[in-house]
Amino acid sequence: MINWTLLETAEQIDGIKKQPGYSIIFKHSTRCSISMMAKRRFEMDGDELPPDISMYFLDLIKYRELSNKIASDFQVHHESPQMLLIKDGECILDQSHGQISVEEAVTVL
């Protein structure tokens, strides 16, 4: 089971940019069945992730402005669903839709 930290403020995103080590941001649309399937599959494989990695979850329907900030701050194109692997404040892996994979994220760690 993944212990998500909900992203609800711009200050949290600024904190992720300053945080050493690895973090994952999962952007999810609560209105999209593809997003729901990608999230479910990601969570099923979540035990393969290192236990010390910070896991952030963004409900992009509720917090669209934060999704835009993430795209701008990490220099990625907005997608939904989308998983970003962040290392020392830089996005090193950007996956969306069916490409979202814990397995690939682990190989990049």
* To do: Mind jotting down which residue pairs meet the ring-ring contact (aromatic ring centres under 6.0 Å, His included) criterion with at least one end in residues 83-109? Sequence neighbours excluded, please.
  => none

* Is Glu65 atom CD crowded by more than 12 heavy atoms from other residues, nucleotides or ligands, each under 6.0 Å away? -> yes

* Are Pro50 and Leu109 close enough that some pair of their side-chain heavy atoms sits under 4.5 Å apart? -> yes

* Taking only residues two or more places apart in sequence, or in another chain, which ones meet Arg41 in a side-chain hydrogen bond (donor to acceptor under 3.5 Å, both in side chains)? -> none

* **side-chain contact (heavy atoms from CB on, under 4.5 Å), paired with Ile100, selected from Gln82, Glu79, Met83, Lys39** => Met83

* Structure fact -> The complete set of ring-ring contact (aromatic ring centres under 6.0 Å, His included) pairs with one or both residues in residues 7-44, sequence neighbours excluded, reads Trp4-Phe26, Phe26-Phe42, His28-Phe57

Quiz: residues 101-108 side-chain donor-acceptor pairs under 3.5 angstrom, not counting sequence neighbours:
unit_1, atom_1, unit_2, atom_2, d
Ser101, OG, Glu103, N, 3.2
Ser101, OG, Glu104, N, 3.0
Glu104, OE1, Gln95, NE2, 3.1
Thr107, OG1, Glu104, O, 2.6

* To do: Only counting residues at least two apart or in another chain, list the ones meeting side-chain hydrogen bond (donor to acceptor under 3.5 Å, both in side chains) with Ser96.
  => none

* Whichever hydrophobic residues join Leu60 through chains of side-chain contacts under 4.5 Å -> Leu7, Ile13, Ile16, Ile25, Tyr56, Leu58, Ile61, Tyr63, Leu66, Ile70, Phe74, Val76, Leu84, Ile86

* **Qualifying residues under side-chain hydrogen bond (donor to acceptor under 3.5 Å, both in side chains), relative to Lys69, sequence neighbours excluded** => Asp14, Asp73

* **Contacts of Asp88 that satisfy salt bridge (Lys or Arg N to Asp or Glu O under 4.0 Å) - sequence neighbours left out** => none

* To do: Check side-chain hydrogen bond (donor to acceptor under 3.5 Å, both in side chains) between His78 and all other residues, then give those that pass, not counting sequence neighbours.
  => Lys27, Ser67

* For the side chain of Ser54 and the backbone of Ser23, is there at least one donor-acceptor N/O pair under 3.5 Å apart? -> no

* Asked: Residues sharing Met37's hydrophobic cluster, by side-chain heavy-atom contacts under 4.5 Å among ILVMFWY, directly or via others?
  -> none

* Asked: Does the side chain to side chain contact (heavy atoms under 4.5 Å, CB included) test come out yes or no for Ile53 and Met55, once each step is laid out?
  -> CA-CA 6 Å; Ile53 194 164; Met55 304 293 295; 3.7 Å; yes

